[in-house]
A.B. asks: 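One structure is given below, represented as structure tokens, and several questions about it will come after.
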Amino acid sequence: MTAIPLGLPGVPARPVAERRVSRRIQVGPVAVGGGAPVSVQSMTTTRTSDIGATLQQIAELTASGCQIVRVACPTQDDADALATIARKSQIPVIADIHFQPKYVFAAIEAGCAAVRVNPGNIKKFDDQVREIARAAKDHGTPIRIGVNAGSLDKRLLQKYGKATPEALVESALWEASLFEEHDFRDIKISVKHNDPVVMIEAYKQLAAQCDYPLHLGVTEAGPAFQGTIKSAVAFGALLSQGIGDTIRVSLSAPPAEEVKVGIQILESLGLRQRRLEIVSCPSCGRAQVDVYKLADEVTAGLEGMEVPLRVAVMGCVVNGPGEAREADLGVASGNGKGQIFVKGEVVKTVPESKIVETLIEEAMKIAEQMEQDGVASGEPAVTVS
Ligand code: SF4
């Protein structure tokens, strides 16, 4: 068989949009804003005071591609655990603080990569901004001002009647202004709402009124199916306008699922180089093979593949050969056989029973060559400032 030139993977040549110009902060080694690649973050579900369980979950998140992790800090025991967790975690740890300003200081002292505060429920917080700004500056610790519709500042709730986009934005910018008075601008902001329509509008308004990097999130987005769709719609709407510097998908599901969804959203928008992509048809009355089964078996067989391989699994000869030719590798099925394409060339025709193993075999060969050619994967495709 003649060697087939594989070339570079088919990532979009242009970004989905020019990125909004934002100031850059450093969350540990991860740059956020200022044209840095959009990062994916999640939050642990363990008791933070259970250091072993928390580090175990952080390790799982790291393995799934999570770049920044947040941990809750509701008690002194949790605050006491932060230093060990921050030191042993492979990815930067953000402490999530509600109600108790003293834990903000504890998290900064513990060496957390950033601290999230909720302006709606940190009592007496506004009186302590000077001290917090000084401590954060001394340690180089950024602050996320994380406004949440469900815990909006009562003053703004009275003024606006409910958590409108304007109310969310005013709360965030008010809090930011308190830090700015002390010359502290190492800030990122989120204005989360469970309704993507309100959330999108809030972030658009916020993006127009400041240059802080923005952490996108649809809060309480729901179980995996609904939450995935809400997040994809909302993040897609904003990222396609260049808005958003780091994302957290919130699902009522294991946190590693949030990371998978977040990465897929970025890959779909060309904001991160895609990895394995299965292009499979929905099947129809013309299908001459069980497309669902074939697509599932090929997906399972190639799970964990890191190179940006596009594999087409098509049910018949109508769109099959065309799609299969566009992919790195593909199959067009018909008459109990599968025509196997590699980079547009038919390399062999195999009986239906051999389609899956042949595709996997060919995929491995291509992956090996991609690795030899230095085709990286997982790295963001776009770093436009
Ligand atoms: S490729 Fe063929 S089987 Fe699949 S949806 Fe298109 S027409 Fe139907």
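One-based numbering, in listed order, for ligands and for the atoms of each.
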A.B. asks: Using 2.8 Å as a strict upper limit, say whether an N, O or S atom of C316 approaches atom 4 (Fe) of ligand 1 that closely.
C.D. replies: no
A.B. asks: My understanding is that a hydrophobic cluster links ILVMFWY residues whose side chain heavy atoms are under 4.5 Å apart, including indirect links. Using that, what else belongs to the cluster containing V233?
C.D. replies: F225, I229
A.B. asks: For A287, take its heavy atoms, then give the atoms of ligand 1 lying under 4.0 Å from any of them.
C.D. replies: 3 (S)
A.B. asks: Just which atoms of ligand 1 are under 4.0 Å from any heavy atom in C281?
C.D. replies: 1 (S), 4 (Fe), 5 (S)
A.B. asks: Examine the side chains of S190 and R144 and answer whether a donor and an acceptor come within less than 3.5 Å of each other.
C.D. replies: yes
A.B. asks: Give the atom numbers and elements of ligand 1 that come within less than 4.0 Å of a heavy atom of R286.
C.D. replies: 7 (S)
A.B. asks: Apart from I94 itself, which Ile, Leu, Val, Met, Phe, Trp or Tyr residues share its cluster (side-chain heavy atoms under 4.5 Å, direct or through members)?
C.D. replies: I25, V27, V30, V32, I68
A.B. asks: Salt bridge check: are E352 and K337 linked by an N-O gap of less than 4.0 Å?
C.D. replies: no
